[in-house]
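Inspection log for the structure reproduced underneath, given as structure tokens.
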Amino acid sequence: MLNRAIVEGTALTVLALSVLCLWLRERQKARPESDGGYTTREEIGFEIGRLQSELSRWLTTTDHRDIGLLYIAFGTAAGLWGGVDAMMLRTELLTPPADIWTPETYNALFTTHGLTMLIFFVLPVFFGIGNYVLPLLIGADDMAFPRVNAIGFWLLPPALILVRMGLMLQVLGQVLNLVLPADAIRFFLTMREVSVGWTLYAPLSVQQPNPQIDLLLLGLHLSGIATTVGAINFITTIAYERGEGVSWANLDIFSWNMLVTSGIALFAFPLLGSALVMLLLDRNLGTAFFATEGGGAILWQHLFWFWGHPEVYILFLPATGLMSLILPKFVGRKLFGYQYIVYSTLGLGVLSFGVWAHHMFTTSADPRVKLSFMAVSIAIAVPSAIKVFNWITTMWEGDIRLTAPFILCAGGIGTFIIGGVTGVFLAVIPVDILYHGTYYVVGHFHLIVVGIIPFLMIAASYYWYPLITGRWYDTRMARFQALLIVFGSFVTFMTLLVIGGLGLPRRQAIYPPEYQFAQQIATVGGYVIGLSALLWLYNMLVSYWRGTPVTTTDPWGLKATNQFTREWQWFEQRMMDKYDMEPTEPETTRRSYAPEAEPAGLAGGVGTVAQTVSRNAWMAAAGGFVGTVLMSGGLITAILIGVLDPVSFGEIAELVGLPASPAIGAGLFLVGGTVTWPLLFLAFSDYLPGRLLFETGLVFATLISSGFAIAFYTGQSGLAFVGYLTFVLVSHWAYGIGLTVTFQYLKSDEVLQSRSDGGG
């Protein structure tokens with residue numbers, strides 16, 4: 001067995017020394033001696049003084065851009081540390097027995113990997129990006145509370161040290177043991193990294209004597225305070241520091257996501273802090289919050305997951321904000337459905353607090369409670385899907401530029417679709433019970449948290465690199481790195497989905513030999529992800545000195561598509577002031593989708609939110625009712641001739657927890673046909689093929705008929721099957737015709753009415 005402390009300590013030391021050597025080497029190249037002679041003592045003294053001055057500045061700065069860079073540097077370092085844990089985990093899984101690390105070390109690795117990545121990597125990086133660009137995006141001079149902002153950051157390093165202190169003390173103990181007797185340093189030799197799992201489930205976390213657990217709980221509590229402080233600062237900044245002309249209606253989509261993220265954190269992290277204090281009291285003062293005679297182990301799970309699932313959205317929403325901000329820049333079109341994206345973000349923020357118990361479907365909780373959480377867990381897929389549809393529609397007919405940020409955006413959409421769809425299955429109680437303890441959950445979860453989240457962090461680093469450094473990165477290496485990380489993620493986590501579907505349990509260092517080949521494929525994919533991360537780091541560091549200087553005020557050509565947003569306007573002004581550059585003007589301007597510049601859409605012109613919702617609602621209800629009536633004729637005929645089984649309608653009622661009655665199911669079907677589908681058609685009609693509204697309606701009806709055909713199929717075969725498909729298609733075409741004819745009539749009537757009111 002290898003010694004984890006020595007191996008991990010050595011790996012981190014080598015990594016840190018490599019970065020330091022790279023920095024020194026490139027810096028030396030960037031500043032050659034002007035006289036070609038040797039470095040003098042005075043120059044060395046000057047350099048040391050300059051370093052002291054720089055150190056003092058970075059330790060005391062309250063500038064939002066400096067704080068942002070500190071957050072990003074800290075999060076990157078933590079991510080590399082957690083990444084080393086992941087590589088060690090995957091290395092152990094190359095072979096079925098635990099022959100590299102002990103099972104206890106394996107447990108410690110996935111404990112620290114999970115906590116480091118979720119708490120010290122993702123959120124600090126997003127807070128760093130937010131600190132740097134959010135004030136620029138909203139036209140603010142700085143964050144609302146600059147000093148509090150600095151305090152929020154400086155609480156994080158000691159928090160990480162407390163959480164990971166077990167490894168450092170273990171390394172220190174083994175070094176001291178070379179010169180001191182074991183009895184003199186017994187404390188250091190007994191310290192171990194926590195191995196109770198990142199969920200810290202009681203009573204295991206209460207009963208284990210390892211003192212590192214107490215330090216870990218204190219560190220997590222400190223990180224929660226830092227996050228809450230940062231969240232308050234973001235909310236206040238967005239609410240009160242917006243510049244002139246920045247309203248809620250035109251607030252950029254990344255700021256909206258940071259606002260909702262901060263709102264979730266404001267409620268979730270204090271709850272985690274309370275639970276951690278209760279756990280500390282149980283461990284040290286003999287209280288019984290999580291003992292059998294007290295609240296029991298289930299109480300810990302409730303408290304933990306009430307923070308834990310909103311935490312997923314705290315990590316996820318900033319990534320979707322970056323996606324909505326960056327993707328349109330590389331497809332030459334403005335974001336489709338801005339309002340729907342904002343609404344879906346707000347919906348996710350609210351629903352994120354209503355799904356925590358789906359992590360507890362395998363416990364003895366009341367089945368009726370589980371059922372309600374199943375319904376909400378399925379419902380939360382709706383706002384997530386709205387985002388995906390809007391991203392895809394934004395790309396539709398776009399002028400795509402195959403840059404590294406675009407590759408990462410497209411890859412992120414792909415991993416999120418697979419991760420999201422596989423998550424819907426886990427929201428269903430019977431499926432979750434089957435897959436809860438398997439690698440299926442690992443694959444689903446990592447397709448989102450490794451897929452879209454780091455992808456968009458890296459995409460943001462490429463997108464804003466010229467703005468931050470004034471230089472270009474190596475674009476060819478960046479494209480290769482982007483493809484590499486997308487490829488590695490799909491290989492690793494799709495493999496885990498498959499072996500999880502076959503029933504392989506997770507969280508175990510030892511596994512059956514028949515899964516060895518699949519585990520090796522996943523490990524190779526993991527190494528590819530690790531390699532791509534190092535390539536990204538190398539590109540970022542080296543390009544800081546050797547990258548080509550930016551010679552234009554519009555590096556991405558955003559003016560050509562009218563997407564020259566506020567942070568780039570700030571960059572342009574800085575380049576004009578600093579280097580006396582002339583503003584760059586595009587030779588041609590490509591029309592970008594701009595709702596305010598478009599003719600009135602299908603549901604009428606642009607008005608207030610209330611007017612738009614009201615107009616869409618009544619037009620959808622009218623069109624949906626007419627279409628559903630026409631459709632019902634075809635479906636009733638299909639039932640009468642025996643190619644459509646009415647029992648299948650009962651399954652709809654059963655799905656939402658009502659009695660499996662065909663009548664109730666038919667009622668729900670009519671409601672859906674009258675409300676849901678017409679609203680979707682109103683939202684997407686401009687982006688469906690067809691020159692005439694009539695043709696567009698037929699396309700829409702054909703698309704949705706496929707879903708009906710799958711959902712209501714009850715085993716028909718032969719001619720009955722052909723008849724079933726025919727009636728389904730014809731009925732939906734009738735629905736589409738009814739929908740579009742009604743919309744066309746109402747729109748014409750509305751235009752005539754408006755002309756009449758205006759005297760035209």
Side-chain angles (χ1 to χ4, degrees), residues 23 27 49-78 120 123-160 225-244 246 251-252 254-255 258-259 261-262 265 318 321-322 325 457 460-461 463-471 540-541 543-545 550 553 555 565-579:
W23 180 77
R27 193 172 184 286
R50 194 190 65 82
L51 287 175
Q52 288 175 337
S53 174
E54 283 290 306
L55 183 63
S56 174
R57 184 178 82 81
W58 283 103
L59 288 174
T60 57
T61 181
T62 57
D63 182 87
H64 71 96
R65 288 185 287 131
D66 290 344
I67 298 292
L69 294 176
L70 286 171
Y71 264 117
I72 292 170
F74 170 82
T76 302
F120 296 103
L123 204 56
V125 171
F126 281 139
F127 271 24
I129 296 172
N131 257 285
Y132 199 102
V133 302
L134 190 143
L136 304 180
L137 286 167
I138 66 173
D141 294 330
D142 203 328
M143 297 294 283
F145 309 116
R147 291 179 177 80
V148 174
N149 198 29
I151 292 171
F153 167 74
W154 286 110
L155 289 177
L156 282 176
L160 177 61
I225 295 172
T227 303
T228 306
V229 166
I232 291 171
N233 215 349
F234 275 116
I235 293 171
T236 311
T237 303
I238 296 170
Y240 295 106
E241 299 295 323
R242 295 193 307 273
E244 188 177 349
V246 181
L251 184 67
D252 68 279
F254 177 65
S255 298
M258 287 302 294
L259 179 67
T261 299
S262 302
L322 290 173
L325 185 77
M457 286 178 182
S461 72
Y463 175 59
W464 281 311
Y465 196 80
L467 181 141
I468 295 173
T469 66
R471 290 179 180 270
M540 292 291 103
L541 291 176
S543 298
Y544 181 75
W545 291 281
V550 175
T553 62
T565 42
R566 283 177 176 271
E567 83 277 25
W568 291 107
Q569 294 170 19
W570 170 84
F571 173 76
E572 181 178 71
Q573 188 60 49
R574 191 174 68 160
M575 298 297 275
M576 290 166 59
D577 296 341
K578 196 171 181 180
Y579 301 108

Which heavy-atom pair separates Glu567 from Thr565 by the least distance, and what is that distance? OE1-OG1, 2.8 Å
What residues form a side chain to side chain contact (heavy atoms under 4.5 Å, CB included) with Leu51, not counting sequence neighbours? Trp23
Between the OG1 atom in Thr227 and the CG atom in Leu123, the distance rounded to the nearest 0.5 Å is 5.0 Å
So which atom in Ile235 and which in Ser262 form the shortest heavy-atom distance, rounded to 0.1 Å? CG1-CB, 3.6 Å
What pair of heavy atoms forms the shortest contact from Ile468 to Arg574, and how long is it? O-NH2, 4.4 Å
With a 6.0 Å cut-off on the ring centroids, do Phe127 and Phe153 count as close? no
Residues that Tyr132 engages under ring pair (Phe, Tyr, Trp, His ring centres under 6.0 Å), provided they are two or more places apart: none
Just jot down the side chain to side chain contact (heavy atoms under 4.5 Å, CB included) partners of Ala460, sequence neighbours excluded, or say none. Ile129, Leu322, Ile326, Trp464
Does any non-hydrogen side-chain atom of Arg471 lie less than 4.5 Å from one of Tyr544? no
With sequence neighbours left out, what residues match Phe74 under ring pair (Phe, Tyr, Trp, His ring centres under 6.0 Å)? none
Counterpart residues, ring pair (Phe, Tyr, Trp, His ring centres under 6.0 Å), relative to Phe571 (two or more places apart): Trp568
Can you measure from OH (Tyr579) to OG1 (Thr553) and round to the nearest 0.5 angstrom? 13.5 Å
Minimum heavy-atom distance between Val229 and Gly152, given as atom pair plus value: CG1-CA, 4.1 Å
Spatial distance of atom OG (Ser461) from atom CD1 (Ile72) [nearest 0.5 Å]: 8.5 Å
Among all residues two or more places apart in sequence or in another chain, which pass the salt bridge (charged side-chain N to carboxylate O under 4.0 Å, His left out) test with Asp66? Arg57
Closest contact, heavy atoms only, Tyr465 versus Ser543: OH-C, 3.3 Å
Sorted by chain and number, sequence neighbours left out, side-chain hydrogen bond (donor to acceptor under 3.5 Å, both in side chains) with Gln569 holds for none
Could I get the full list of side-chain hydrogen bond (donor to acceptor under 3.5 Å, both in side chains) partners for Asn149, not counting sequence neighbours? Asn131
For a quick test of your reading: what N or O donor-acceptor pairs under 3.5 Å do the side chains of residues 133-147 make, sequence neighbours left out?
unit_1, atom_1, unit_2, atom_2, d
Asp142, OD1, His64, N, 3.4

Residues that Ser255 engages under side-chain hydrogen bond (donor to acceptor under 3.5 Å, both in side chains), provided they are two or more places apart: Asp252
Return the minimal non-hydrogen interatomic distance between Pro124 and Gly75, and the atom names on each side. CB-CA, 4.2 Å
Sorted by chain and number, sequence neighbours left out, salt bridge (charged side-chain N to carboxylate O under 4.0 Å, His left out) with Glu572 holds for Lys559
Of all residues at least two apart in sequence or in a different chain, which pass the side chain to side chain contact (heavy atoms under 4.5 Å, CB included) check with Thr228? Ile232, Leu266, Phe269, Pro270
How long is the gap from CG on Leu251 to CE on Met258, to the nearest 0.5 Å? 12.0 Å
